[in-house]
Asker: 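One structure follows; several queries about it will come next.
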Amino acid sequence: MIKNYTMHEDAHAFRFCPRCGGTLERKLLKASEPERLVCTGCSFVFYLDPKIAVGTIITTASGRLVLCRRAIEPGYGKWVFPGGYVDRGEPLTSAAIREAREECGLDVRLDGLVNIYSYAGRAPVIVVYAATAIGGTLAVDDEGLETAEFAFSEIPWENLAFPSTHDGLRDFLDGLRHPIRL
Ligand SMILES: [Zn+2]
């Protein structure tokens with residue numbers, strides 16, 4: 001197996017063993033894998049798992065797409081479709097519908113899976129759905145500066161928050177859809 005990624009960029013955020021409080025150090029345990037955080041006291045290996053996020057590209061009654069401008073880092077001031085981290089035990093589709101409601105005030109029907117995005121050295125795996133607004137009123141929550149609708153030709157490509165925002169919108173506009181069974 002070829003190792004084409006390194007220890008995750010957030011690894012420096014963890015200094016102590018969650019099991020015994022000992023000091024963690026970086027160790028290469030297997031040549032084919034990234035370095036791991038290993039406790040110098042009890043040898044506990046602190047595996048840093050991916051973090052699952054969902055995003056929802058919502059088409060409104062006017063045929064435009066909903067984007068929110070972020071009021072938090074990372075990506076402060078930049079545009080993203082509604083989304084966020086999935087809670088442990090929460091179905092992906094429930095998270096997508098929940099985040100849409102929380103971040104832009106809309107009730108949505110999921111129409112399909114656009115694609116799943118992951119990037120070398122980055123923790124998030126982003127599952128992006130296509131959806132249609134079926135209720136609610138466009139709004140903004142405390143994580144957003146504003147929410148707006150964009151015609152396909154008006155998408156602010158130069159001011160998108162994340163690689164997955166760019167890639168998800170590109171694939172959505174290319175018509176990429178995978179059927180889902182709800
Ligand atoms: Zn320990």
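Each ligand, and each atom within it, is numbered from 1 in the order the structure gives. In this chain, numbering begins with 1 at the start of the sequence shown.
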Asker: Run through the protein N/O/S atoms less than 2.8 Å from the Zn ion (ligand 1) and write them out by chain and number.
Answerer: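 Protein N, O or S atoms closer than 2.8 Å to the Zn ion (ligand 1): Cys17 SG, Cys20 SG, Cys39 SG, Cys42 SG.
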Asker: Just by distance, no angles: are the side chains of Thr60 and Glu149 close enough, under 3.5 Å, to form a donor-acceptor pair?
Answerer: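 Yes, a side-chain donor-acceptor pair sits under 3.5 Å.
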Asker: What is the distance from atom CG of Leu24 to atom CZ of Phe44, rounded to the nearest 0.5 Å?
Answerer: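 If we round to the nearest 0.5 Å, Leu24:CG and Phe44:CZ are 8.5 Å apart.
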Asker: Examine distances only and state if a side-chain atom of His178 and a backbone atom of Asn115 form a donor-acceptor pair shorter than 3.5 Å.
Answerer: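 Pair absent, no side-chain N/O of His178 close to backbone of Asn115.
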Asker: Using 0.5 Å steps for rounding, measure from the SG atom of Cys68 to the CD atom of Glu102.
Answerer: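 Here the rounded value is 11.5 Å.
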Asker: Establish, from distance only, whether the side-chain atoms of Asp171 and Tyr117 form a donor-acceptor pair under 3.5 Å.
Answerer: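 Yes, because at least one side-chain N or O of Asp171 sits under 3.5 Å from a partner of the opposite role on Tyr117.
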Asker: Could you tell me whether the side chain of Thr40 and the main chain of Thr23 form a donor-acceptor pair under 3.5 Å?
Answerer: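 Present.
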